[in-house]
Amino acid sequence: MKVRTRFAPSPTGYLHVGGARTALFCWLFARRHGGVFILRIEDTDRERSTQASVDAILDGMQWLALDYDEGPFYQSQRFDHYGAYVERLIDEGSAYHCYCTPQELEAMRTEQRARGVKPRYDGRCRARTGAPPAGIDPVVRFKNPVDGSVVIDDLIKGRIVISNDELDDLIIARPDGTPTYNFTVVVDDLEMDITHVIRGDDHVNNTPRQINIFNALGATPPKYAHVPMILGPDGQRLSKRHGAVGVMQFREDGYLPDALINYLVRLGWSHGDQEIFSRRELCELFDLSEVNRAASVFDTDKLNWLNQHYIKSTDTAMLAGLLEEQLTKRGVDVADGPDLGVLADVQRERAKTLVEMAEKSLFAFGDLNGYAEKAARKHLKPAAADGLRAVRERLAEIAAWRTEAIHEAVVETAEAVGIKLGKLAQPLRVAVTGSDMSPSIDATLLLVGRDRTLARIDAAITYIEAHGDPS
RNA sequence: GUCCCCAUCGUCUAGCCUGGCCUAGGACACCACCCUUUCAAGGUGGCGACACGGGUUCGAAUCCCGUUGGGGACGCCA
């Protein structure tokens, strides 16, 4: 049978990394087996579902290049399907109307908690006879089996057995007739011929209920694979307070989609000692049997390392385009500066993110925004003035503004003036970039350009003369 | 509280199923050194873990039981 997987987020917020990893595993599993990957939007809760969230999810999927073969299907547009199944279960005696009020149920639960037992519906409406109470719109409850137990042969966790007396009669339709999650999932997984349900392991407790519904419908449940959770550094479930968790936030923060994908896939899955995987490799190698059973902690350091790896191996034109986005976002006029390809190539080894790359490249555009205080104090001293004058003169004579010529000019000036290269390069670096950290001095000058370089050296000499207190 | 799941370096993990090849391997981070005009990148080396207690066995990270710890679920949310 052809593999069919689905990713079924509820649109109540952005696509977070946990969801993204689940989607990735679903996608990979489908690709690996030449199957079909379906996107289904679980928006039966109209109170909380928003179009903005749907868009955010779609954007996230697109950015990560997790393309789906079918969908997106919206549950809110499939209410008639669910209604028919509800009717059928009622007719067959597998579901019943319940007239208990929310207050009543709440009281029941508090009482049960107080007794130290698991809060669950006691089935008081199961055998209700006589006329229905007036003025109450009933919910519909599924008649969960009373005896026996449900076995889940989870593809990741192994065999899980849950006794039916741990379960209760869950609500499958609200008073207004709208269906609830555990029911729509079953109907959709059934109607969409899903063969493998791959989802977060916060759903394992729902699985036996869903299997029971499948059984009541006379259908065979799909195979289940419950992926462990992603935790924050404090061991708690990953959430907003841990920082960036929305997929699109990672884009904002300068991460490459391939880097995030690679990071996420290794979080819980491994293939021997291999760390770097191309999408192609993943599609060939991914297997649920290699997915870890334990939860894992999200580690930004490792993501950063991977991101830099991908930055280093992205082709120049692509990287230049990405850098341009970042620069433009920062209000930089990219026309007023060096070739972005050249820039990207010198910066790719010194930035973990595109954001960092852009920030470290600002010196090559527009005017200098002052000097970093410590750097100026250390390097823009009277002792450096002669070197700067000499190198300015030598630089001004260069015919073609190229790395080699610049390099030569700097090295020769240092020799001529009789100082070590560093004694010249550092003041020059501060003069030209405002900071004592930048790419190699020849590359830096190349990026800054001849006119700016000369003007900035002049400015630095003026600065030294004004502040030159030889203490 | 009840039920379910989980447990190897700080973190991600290999090894576990099919005990011996494990004085437990790799990666990130960290530290040191090398390279070096700064910052990086790169190279070399180092630090660092089988949660604990029983059992089975000639032999256990690997199998079994318990303890502890962590996570999840217990909605007319999904």
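It should be emphasised that the depicted structure is a prediction, and the values quoted were computed from it without experimental measurement. Below, all heavy atoms of this structure are taken into account, side chains as well, without hydrogens, waters or symmetry copies. A, B, ... follow the sequence lines: proteins, then strands. Residue 1 opens every chain.
A:Asp201 contributes no side-chain N or O that forms a donor-acceptor pair with the base of B:G72 under 3.5 Å.
When the nucleotides B:G26, B:A14, B:U38 are ranked by their closest atom to the side chain of A:Ser270, B:A14 comes out on top. Ranking B:U37, B:A73, B:A78 by closeness to the A:Arg237 side chain, first place goes to B:A73. Closest approach to the A:Met229 side chain among B:A78, B:C6, B:G71 is made by B:G71 (side chain taken as heavy atoms from C-beta onward). Of the candidates B:A29, B:C74, B:U37, the closest approach to any side-chain atom of A:Arg113 belongs to B:C74. Among B:G75, B:C28, B:U13, the nucleotide with an atom closest to any side-chain atom of A:Pro119 is B:G75. Among the nucleotides B:C39, B:U2, B:G10, the one closest to the side chain of A:Asp299 is B:G10. Set against B:C74, B:U37, B:A78, the side chain of A:Ser440 has B:U37 as its closest nucleotide. Nearest to the side-chain atoms of A:Asp273 among the listed nucleotides B:G26, B:G71, B:U38 stands B:G26. Relative to the side chain of A:Leu421, the nucleotides B:C76, B:U37, B:C28 differ in distance, and B:U37 lies closest. For A:Arg350, taking side-chain heavy atoms from C-beta onward, the closest of the listed nucleotides B:U38, B:U13, B:A73 is B:U38.
Salt bridge annotation for A:Glu275-A:Lys302: present, with a cationic side-chain nitrogen under 4.0 angstrom from a carboxylate oxygen.
Atom CG in A:Asn262 sits roughly 14 Å away from atom C1' in B:U13 (whole-Å rounding). In this structure, A:Leu155 atom CG and B:C17 atom C1' are separated by 15 Å, rounded to whole Å. Remark: P of B:A40 and CE of A:Met357 are 15 Å apart, rounded to the nearest angstrom. Distance CG (A:Asn182) to P (B:A78): 9 Å, rounded to an integer number of Å. Rounded to an integer number of Å, the gap from A:Lys302 NZ to B:C28 C1' is 5 Å. Rounded to whole angstrom, the span from the CD atom of A:Glu275 across to the P atom of B:U11 amounts to 16 Å. Here the P atom of nucleotide B:C6 and the CG atom of A:Asp154 are 9 Å apart, to the nearest Å. As a whole-Å value, the separation of A:Arg199 CZ from B:G72 P is 17 Å.
Within 4.0 Å (heavy atoms only), A:Asp45 reaches sugar-phosphate atoms of the nucleic acid but no base atom. Residue contacts shown for A:Arg109 are limited to sugar-phosphate atoms, with no base heavy atom under 4.0 Å away. Residue A:Ser49 is out of contact with every strand shown, counting any heavy-atom pair closer than 4.0 Å. Using a 4.0 Å heavy-atom criterion, one finds that A:Arg293 contacts the sugar-phosphate atoms exclusively. In this structure, A:Val297 reaches the sugar-phosphate backbone alone: every heavy-atom distance under 4.0 Å involves primed, P, OP1 or OP2 atoms, never a base. A:Gly268 comes within 4.0 angstrom of sugar-phosphate atoms only, judged by non-hydrogen atoms across all strands, and of no base. At the heavy-atom level, A:Asn292 lies under 4.0 Å from the strands shown only through sugar-phosphate atoms. Nucleic acid contact for A:Ile441: base, since at least one base atom lies under 4.0 Å from a heavy atom of the residue. When heavy atoms are screened at a 4.0 angstrom cut-off, A:Gln308 is found touching the sugar-phosphate backbone but no base atom. As judged by a 4.0 angstrom heavy-atom cut-off over every strand, A:His203 is placed among the base-contacting residues. Residue A:Pro9 is out of contact with every strand shown, counting any heavy-atom pair closer than 4.0 Å. Base engagement by A:Ser438 is indicated by at least one non-hydrogen atom pair under 4.0 Å involving a base atom. Backbone-only engagement by A:Lys352 is indicated by non-hydrogen atom pairs under 4.0 Å involving sugar-phosphate atoms exclusively. A:Lys423 comes within contact range of no nucleotide atom at all, as no heavy-atom separation falls under 4.0 Å.
Of all the heavy atoms in A:Leu167 and A:Pro208, the pair that sits closest is CD2-CB, 3.9 Å. Closest of all the heavy-atom pairs between A:Arg237 and A:His242 is O-CE1, 3.3 Å. Annotation for A:Val297 and A:Tyr263: closest pair O-OH, 3.8 Å, computed over non-hydrogen atoms. Closest approach of A:Arg293 and A:Lys157 over heavy atoms only: O-NZ, 3.4 Å.
Going from atom CZ of A:Arg78 over to atom CZ of A:Arg40 covers 8.0 Å, rounded to the nearest 0.5 Å.
Test A:Ile261, A:Val227, A:Leu64 against A:Leu24 for side chain to side chain contact (heavy atoms under 4.5 Å, CB included) and you get one pass: A:Ile261.
B:G26 and B:G20: their C1' atoms are spaced 23 Å apart (whole Å). With both ends at atom C1', the span from B:C17 to B:G53 equals 25 Å, rounded to whole Å. The C1' atoms of B:C64 and B:G19 are separated by 13 Å, rounded to the nearest whole Å. Spacing between B:A14 and B:G75 at atom C1', rounded to whole Å, works out to 41 Å. The C1' atoms of B:G72 and B:C34 are separated by 49 Å, rounded to the nearest whole Å. For the P atom pair drawn from B:C58 and B:C22, the interatomic distance equals 23 Å after rounding to whole Å. B:C9 and B:G46 have their C1' atoms separated by 14 Å, given to the nearest Å. Rounded to a whole angstrom, the distance from the P atom of B:G48 to that of B:C65 is 34 Å.
Comparing A:Ile160 and A:Val117 by the nucleotide of RNA chain B whose heavy atom lies nearest to each, the residue mapping closer to the 5' end is A:Val117.
A donor-acceptor pair under 3.5 Å is formed between the side chain of A:Asp43 and the backbone N or O of A:Gln75.
The phosphate of B:A78 (OP1 or OP2) has a side-chain N or O of A:Thr44 nearer than 4.0 angstrom. Phosphate proximity of B:A78 to A:Thr180: absent, as no side-chain N or O sits under 4.0 Å from OP1 or OP2.
Remark: B:A60 base-pairs with no nucleotide in the shown strands. Criterion, Watson-Crick or G-U wobble with two distances under 3.5 Å.
Taking the side chain as every heavy atom from C-beta outward, A:Thr300 and A:Phe298 approach each other to under 4.5 Å.
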